[in-house]
Number of protein chains: 2
Amino acid sequence: MTNRNWADSFKLHLRVGDQIGLAIMRGEFAPGSILPTEAQFCQTLGVSRTAVREAVRGLIAKGLVEARSKLGTRVRAPEDWNQMDPDVLKWRIQLADTSTYLEKMFQLRNAVEPAAAENAAMYAREVDHDRLSEAFGLMEAAGDDNAAWVEADLAFHKCIYIATRNEFFWPIGQLFEIGLREMFSIAALGQHRPRALEEHRDLRDAILRKDPAAAREAAQVMLGNARTDIDIIREPTGTKPKRSADRAGE
Amino acid sequence: MTNRNWADSFKLHLRVGDQIGLAIMRGEFAPGSILPTEAQFCQTLGVSRTAVREAVRGLIAKGLVEARSKLGTRVRAPEDWNQMDPDVLKWRIQLADTSTYLEKMFQLRNAVEPAAAENAAMYAREVDHDRLSEAFGLMEAAGDDNAAWVEADLAFHKCIYIATRNEFFWPIGQLFEIGLREMFSIAALGQHRPRALEEHRDLRDAILRKDPAAAREAAQVMLGNARTDIDIIREPTGTKPKRSADRAGE
DNA sequence: TGCGTCGAATTGTCATACAAATCATAACGT
DNA sequence: ACGTTATGATTTGTATGACAATTCGACGCA
């Protein structure tokens with residue numbers, strides 16, 4: 001079920017969409033400008049017009065471009081294209097400077113996640129409690145397996161967002177999930193893990209006993225520490241995560 | 001041609017996408033199930049396969065469905081489809097119960113908007129200040145023109161989100177903009193407007209003088225008042241939702 | 001029973017043709 | 001000379017038909 005490259009490798013129109021979308025976000029086609037005609041893309045990329053058109057349909061759906069007869073397909077303003085889209089996000093990560101990206105993501109996360117925890121404490125149902133406990137169990141069981149720990153961590157936070165029973169929180173959790181997963185292949189938070197585990201336990205307990213204030217508090221503590229951990233990573237002194245993403249921008 | 005009610009989207013594939021997307025969100029096609037084949041849609045809707053395919057491309061881009069050979073196009077789980085997409089949002093609004101929708105939106109808004117104001121106070125550039133002042137000027141100048149006031153109000157808040165200089169805040173502002181605009185066609189003005197104008201002025205001033213704490217405070221005050229007005233709407237006494245629509249825009 | 005093979009169904013891609021929209025330009029009338 | 005209208009050209013939109021790729025299911029065979 002976790003096929004990620006499936007979208008990239010197969011389906012021609014998705015590959016084409018990837019190419020064009022990335023080119024747009026790279027600034028190769030400036031906002032407001034008209035990008036090459038379908039026919040030109042056909043020739044450039046060596047594919048049929050159908051493929052190009054279907055790719056462009058995807059970009060239209062993501063708000064990156066708008067197409068009108070005779071005028072051509074125009075690149076829309078960056079404020080208009082829908083930043084939460086997984087693909088848009090993926091392209092952004094491939095191009096962004098890692099540190100500022102992290103900074104911005106945490107700005108939003110600091111705003112949202114405590115509120116999400118609060119709402120989760122208020123509105124979570126039993127199935128949410130079960131899933132949250134299960135995810136926490138996976139974190140406990142992760143041991144030295146970094147990959148497992150990261151996955152469990154992400155699952156834990158996703159549970160919180162879903163437990164809010166508010167669909168509008170989901171995509172934000174998704175944003176962090178995608179961002180963090182893309183950015184760190186393996187996180188280097190090893191020495192902080194016992195403390196992080198305790199913080200997660202506090203948050204889980206607060207949600208389970210339906211204590212919104214405590215949940216908010218626990219989330220804030222957790223985020224504060226996570227933020228400093230990130231700052232540690234950003235220092236060139238410690239172990240550096242593999243930074244494969246930010247190179248694509250050059 | 002089957003449905004003549006949708007005059008906004010000329011393009012056939014967009015109308016088709018609207019129909020199918022709405023049907024999916026209406027639960028007509030359950031998550032995990034396979035929806036009718038392209039050929040069947042062609043016959044049902046009386047359009048060519050091209051139109052259906054391009055419509056489905058849009059739905060794929062929005063995460064609503066995934067298509068694989070022979071298996072058909074499967075409806076993905078609701079957590080997977082990308083809730084921030086303007087169209088998805090629009091469909092949701094058309095189907096949602098208004099009061100719970102408002103409630104959920106404000107849960108998120110309470111979390112995000114004070115933080116956005118804080119960030120705007122810190123990171124706004126001159127062009128942002130100008131645009132914010134301009135939008136506020138439009139609000140002042142709106143007078144008795146309700147439509148103008150609502151538009152100016154939405155523009156004002158959009159300015160704040162953009163002034164954060166954090167792309168991840170944008171789509172959330174977009175969410176509110178779309179939601180409020182779709183929900184209330186044109187709002188009747190409330191007697192709250194003078195107070196609302198003052199609150200907006202406070203917020204603007206705090207951002208202009210780069211005072212994050214004050215900006216956060218001002219946003220919270222404004223949201224608190226808007227929230228209570230919303231609560232009035234939710235009274236089952238049959239009060240018209242239109243009454244407080246303009247307050248909801250804050 | 002277990003296995004491979006083949007066929008059918010469905011999406012994926014291609015090619016072509018024409019329709020619709022719209023901009024540029026030329027022709028026309030006043 | 002100027003504005004208006006007709007015409008044409010260009011680009012996207014839609015339709016249609018064909019074939020490829022993939023995969024499920026059923027049949028036949030050992």
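Sequence lines set the chain letters: A, B, ... in the order given, protein chains first and strands last, and positions in each chain run from 1. Here the structure is a predicted model, which is why all the values come from computation and not from measurement.
Taking every heavy atom of both residues into account, A:Met84 and A:Pro171 meet most closely at SD-O, 4.2 Å. Summarising the geometry of A:Ala152 relative to A:Met139, their closest heavy-atom pair is CB-CG, 3.4 Å, with the distance given to 0.1 Å.
Distance, A:Lys11 NZ to D:dA21 P: 14 Å, rounded to whole Å. In this entry the distance linking CD of B:Gln43 with P of D:dA15 reads 15 Å, nearest Å. In this entry the distance linking CZ of A:Arg53 with P of D:dT11 reads 14 Å, nearest Å. Straight-line distance from the CG atom of A:Leu59 to the P atom of D:dT12: 14 Å, rounded to whole Å. Whole-Å rounding puts the A:Arg74 CZ to D:dT12 P distance at 13 Å. Remark: P of D:dT16 and CD of B:Glu54 are 14 Å apart, rounded to the nearest angstrom.
Within residues 60-69 of chain A, the residues that have a heavy atom under 4.0 Å from DNA chain D are, in order of number, A:Ala67, A:Arg68, A:Ser69.
Reading DNA chain C from its 5' end, the first and the last nucleotide to sit under 4.0 Å from a heavy atom of chain B are C:dA9 to C:dT13.
Looking only at distances, no side-chain donor or acceptor of A:Ser33 sits under 3.5 Å from a matching main-chain atom of A:Phe29. A donor-acceptor distance shorter than 3.5 angstrom exists from the side chain of A:Gln40 to the backbone of A:Thr37, with no hydrogens or angles considered.
Taking the ring centre of A:Tyr123 as origin, the terminal cationic atom of A:Arg165 falls outside the region bounded by 6.0 Å and 45° from the ring axis. Remark: B:Arg92 fails to qualify as a cation-pi partner of B:Tyr101 under the 6.0 Å distance and 45° angle criteria applied to the six-membered ring.
Remark: aromatic rings of A:Phe156 and A:Tyr161 are distant, center separation not under 6.0 Å.
Summary of the strand contacts: B:Ile34 and A:Ala51 both lie near DNA chain C, and taking for each the nucleotide with the nearest heavy atom, the more 5' one is attributed to B:Ile34. Between B:Thr50 and B:Thr73, it is B:Thr73 whose nearest contact on DNA chain C lies nearer the 5' terminus.
Between the side chain of A:Arg49 and the base of D:dG13 there is at least one donor-acceptor pair of N/O atoms closer than 3.5 Å.
Here A:Arg131 pairs with A:Asp128 in a salt bridge; the nearest charged N to carboxylate O distance falls below 4.0 Å. Taking 4.0 Å as the cut-off between side-chain N and carboxylate O, B:Lys62 and A:Asp85 do not count as a salt-bridged pair.
Note on A:Arg57: only backbone sugar-phosphate atoms sit closer than 4.0 angstrom, heavy atoms only; bases stay farther off.
Contact check, B:His13 against D:dT14: a side-chain N or O comes under 4.0 Å of OP1 or OP2.
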